[in-house]
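To start, the structure under review is shown below, and the notes come after it.
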Amino acid sequence: VQLQASGGGLVQAGGSLRLSCLVSGGTFSRYAMGWYRQAPGKQRELVATISSGGITYYADSVKGRFTISREGAKNTVFLQMNSLKPEDTAVYYCQAKLWLEWWGQGTQVTVSS
């Protein structure tokens, strides 16, 4: 299973970005998918998850601003990020999970104040 994350970039505070994670190999519909992030000097933290059945979970810090979704026809999970804040600056990683975990390479998100 391979994961390819994309969509990061530099944006001003209050702006929006949409991250994508393309999953190849295996059966996408069976995987729980997640987005994590790691800021410099900090541990990797959970941002949002979506189960194979579409149940979502969000960290309190992003609730109401970020939306995770998945599109089976494209084998892709998305993270729509609105009202971005400087503290959202991090490398964002996507994860696929079944009885194993697979990780993408990460995409940098930088939010300027």
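This one's a predicted model, so the numbers in the text were calculated from it and none came from an experiment.
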Phe66 vs Val47, side chain to side chain contact (heavy atoms under 4.5 Å, CB included): CA-CA, chis, key distance, verdict: CA-CA 9 Å; Phe66 290 10; Val47 175; 3.7 Å; yes
Do you know the tightest heavy-atom contact between [X] and [Y]?
| X | Y | result |
| --- | --- | --- |
| Tyr58 | Ala48 | CD2-CB, 3.6 Å |
| Trp35 | Ile68 | CD1-CD1, 3.6 Å |
| Leu10 | Ser112 | CD1-CB, 4.4 Å |

Are [Y] and [X] co-members of a hydrophobic cluster defined by side-chain heavy atoms under 4.5 Å apart?
| X | Y | value |
| --- | --- | --- |
| Leu79 | Leu3 | yes |
| Ile55 | Val77 | no |
| Tyr57 | Met33 | no |
| Leu98 | Phe28 | yes |

Inter- and intrachain pairs under salt bridge (charged side-chain N to carboxylate O under 4.0 Å, His left out), touching residues 2-20, at least two apart: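 Every candidate salt bridge (charged side-chain N to carboxylate O under 4.0 Å, His left out) pair involving residues 2-20 fails, so no pair, neighbours aside, qualifies.
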Summary of salt bridge (charged side-chain N to carboxylate O under 4.0 Å, His left out) pairs that have at least one residue in residues 38-49, sequence neighbours excluded: Arg37-Glu45
Contacts of type side chain to side chain contact (heavy atoms under 4.5 Å, CB included), residue Thr76, not counting sequence neighbours: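 Result, side chain to side chain contact (heavy atoms under 4.5 Å, CB included) vs Thr76: Ser20, Leu22, Lys74, Phe78.
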All side chain to side chain contact (heavy atoms under 4.5 Å, CB included) counterparts of Val109, not counting sequence neighbours: Leu17, Leu19, Met81, Tyr92, Val111
Check: Thr89 and Glu87 side chains under 4.5 Å, non-hydrogen atoms: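 No; the side chains remain at least 4.5 Å from each other.
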Ring pair (Phe, Tyr, Trp, His ring centres under 6.0 Å) assessment of Trp103 paired with Tyr36: CA-CA 10 Å; Trp103 293 87; Tyr36 291 72; 5.0 Å; yes
Within 6.0 Å of CD in Gln38, more than 12 heavy atoms from elsewhere: yes
Heavy-atom donor-acceptor pair, Ser51 side chain to Gly53 backbone, under 3.5 Å: yes
Backbone of Gly26 reached by a side-chain donor or acceptor of Arg30 within 3.5 Å: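 A pair under 3.5 Å: no.
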Between Gln108 and Thr110: side-chain donor-acceptor atoms closer than 3.5 Å: yes
Disulfide (SG to SG under 2.5 Å) contacts in which one or both residues fall within residues 27-71, not counting sequence neighbours: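 Residue pairs passing disulfide (SG to SG under 2.5 Å), neighbours aside: none found.
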Within residues 81-113 or reaching into it, pairs that qualify as disulfide (SG to SG under 2.5 Å) - sequence neighbours excluded: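 Listed once each, the pairs are Cys21-Cys94.
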Approximate separation, where rounding is to 0.5 Å, of Ser61 OG and Lys85 NZ: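 Spacing of OG (Ser61) from NZ (Lys85) equals 8.0 Å.
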Interatomic spacing from OG in Ser16 to CG in Leu84 - rounded to 0.5 Å: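 Between Ser16 OG and Leu84 CG, I get 6.0 Å after rounding to 0.5 Å.
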Derivation of the salt bridge (Lys or Arg N to Asp or Glu O under 4.0 Å) call for Asp60 and Lys63: CA-CA 5 Å; Asp60 287 343; Lys63 206 172 289 184; 3.1 Å; yes
Criterion side chain to side chain contact (heavy atoms under 4.5 Å, CB included) on Trp102 and Val23, from CA distance to verdict: CA-CA 10 Å; Trp102 299 271; Val23 180; over 6 Å; no
